[in-house]
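Report on the following structure.
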Amino acid sequence: MTVATESPKTATQESKTSLVDMHWDPITRIVGSLGIYTKIDFGQRKVAQCWSTSSIFRGYSVFMKGKDPRDAHFITSRICGICGDNHCTCSVYAQNMAYGVQPPHLGEWIVNLGEAAEYMFDHNIFQENLVGVDFCEKMVRETNPGVWEKAVKTEAPHAAAHGYRTIGDIMKSLNPFEGEFYREALQMSRMTREMFCLMEGRHVHPSTLYPGGVGTVATIQVFTDYLTRLMRYVEFMKRVVPMHDDLFDFFYQALPGYEQVGRRRILLGCWGSFQDPEVCNFHYKDMTHWGRRMFVTPGIVVDGQLLTTDLVEINLGIRILLGSSFYEDWKGKEIFVKQDPLGNPVDERHPWNQHTLPKPQKRDFDGNYSWVMSPRWWDGKDHLALDTGGGPLARLWATALAGLVDIGYVKATGHSVEINFPKTAMKPPVTFEWKVPQWSNTIERNRARTYFQAYAAACALHFIEQALKEVRAGHTKTWETFTVSKDAISCGFTEAVRGVLSHHMVIRDGKIANYHPYPPTPWNANPRDVYGTPGPYEDAVQGCPIYEENPRDKFKGIDVMRTVRSFDPCLPCGVHMYLGGGKVLEQRHSPILPHNG
Amino acid sequence: MPRDPHDSVTRREKGGPQNVGKSVSGRGEDVVKKKGKEPGRYEVAEKGAGRPVGKSTLRDQTGVNPHRLTTAGSTDAPRGGGR
């Protein structure tokens, strides 16, 4: 998929300004959809410009039209081979609202347990087996030999908790395929997938999730099978959290100023996760109330301040902008929803009213260059380019500041989140505290991921206690019947592993008239919007200082890669890079057509 | 680039996305409407935010010689390993 050739225009610019084009395309986890194009100023050791592009059009919002709404969760689950269950869950929430159905408590606890297992699984495999490689011995030796020398001499402050004496030992354990911790993490990923399958039947496209509840047969055994695995994961996290704290703190210490890598203005969005069946009735008119009772609090954090935790306000502020995307504008087209069920006006640029009009064209960085649209959040003055902080950073930040969650195992204090783990096989009870950081940057996105793994595990302990209470009381009903509304509008909000996820649906005559899923990566990977505001990847990479010690001809771009990966975008496999000297590393042509669903 | 008139994404008439996708499989909701509730399940009450609470008897687990409860007053929790 990568065509790495140097344009004459670029060559001229390069000779005059010493800017060098550096391209990574594709950076992806599923299909070759994400590319990062930069101009790096080696004189000043920083990234001068960045463009984030996506070369694959998927078109779910197009072919959802006319479908039976009861199929929505099965179809939209296939959007992604990584977080399909998050889409399935979000679609089920939207359908519950449309049909006015409330699943039994037990059904909701099972969904929560499945989603908690998904967070534990996906964050673990990404953090330890993909992000970890950027911080492993081999990578650090190749990119920053000076840092490696320091690492082997630096004692790990929490060595007693995780068992690695020096930072160098931690880095060695992260070496791909041979590192001790790398291999252990793979085993943990397998186990957490088993936990997921116990609840949702199949990973990653659940077979037992429906509107109105779940088809999982709720027995004591299925929950204890989950619990025994969960307790092993809790024990694992008691080592992982202090280990990552040591590793990430070391980078700040070894590379003064490293907090500037991947730093952008604090503009974070979280749509909340884990419903509480005590208060959640899936009615739009009550969404403010039950949204605030989610076990991960929805919220928008701007410059360190929590703007809102109101899901209705969050919903109405969403705007889908164009500007650099391969679509025709839908201005003047049919408005599906003029008012929400509370009577609030709904904007033409809101997902309920979006029309998807693909217009394939050549990529042009001075014009249109991506299939991703530019989602923004309107605060009444500006279209804010929110990011998700890779998911966990926004979740923990919003939850911490809101101070609404208190279930014993986790507690939001107003400035931090406490995670309380009980005694496990080999370790005593442990409390971790994630404190609101100073910056929204590469290291803090990665640190938050580890803490959120612990947060999800702690929530799962609460959910399983509640589920077992239901079963022990004989309340084994897991689903409720419903009738499909002839006409309805609805929305679902949750958190995909890597951040905000919403599904907006309009039903007419019992069929889907409009359906728009908005996953996290469009929020993070979008191009410059109609006002010229860059998307979060672009914003975080532009101006990023270069700490890598390699000269230009051996440049790996590790600081840029760490930054992009901190948002948890995609697998880095198949990444090809164009070096400034003009050497074509590899040229490939993909048979994927632009209209492929 | 002009649109391909035969492309299913942009077609508006028959064959376009608005005109396909009718489900062919049977629907659980329809079956319940026709046949009524499954044997061995009964409603109890509502709890929390209007959420239904239901229990099941051992008849729910098997249609063949369902056992009686061995301990009086115990719950009819399904056996492990599913049905």
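Convention: sequence-line order gives letters A, B, ...; per-chain numbering from 1.
- Looking at A:T476, both its backbone and its side chain come within 4.5 Å of chain B, counting heavy atoms on both sides.
- Residue pairs meeting the salt bridge (Lys or Arg N to Asp or Glu O under 4.0 Å) criterion with at least one member in residues 277-295 of chain A, sequence neighbours excluded: A:D276-A:R293.
- The candidate from A:H475, A:E470, A:R472, A:E480 with the greatest count of non-hydrogen atom pairs under 4.5 Å with chain B is A:H475.
- There is no contact between B:V44 and chain A, counting heavy-atom distances below 4.5 Å.
- Atom-to-atom distance recorded for A:T481:OG1 and B:K37:NZ is 5.5 Å, nearest 0.5 angstrom.
- A salt bridge is defined here as a Lys NZ or Arg NE, NH1 or NH2 lying under 4.0 Å from an Asp or Glu carboxylate O, and B:E43 with A:K477 meets this definition.
- B:K47 is not listed as a side-chain neighbour of A:P104, based on a closest heavy-atom distance of 4.5 Å or more.
- In this structure, chain B has heavy atoms under 4.5 Å from both the backbone and the side chain of A:V471.
- For A:F482, the parts lying near chain B are the backbone and the side chain together; criterion is any non-hydrogen pair under 4.5 Å.
- With sequence neighbours excluded, no residue forms a side chain to side chain contact (heavy atoms under 4.5 Å, CB included) with B:N65.
- Of the residues considered (A:P103, A:G212, A:G107), A:P103 shows the highest number of contacts with chain B, using heavy-atom pairs under 4.5 Å.
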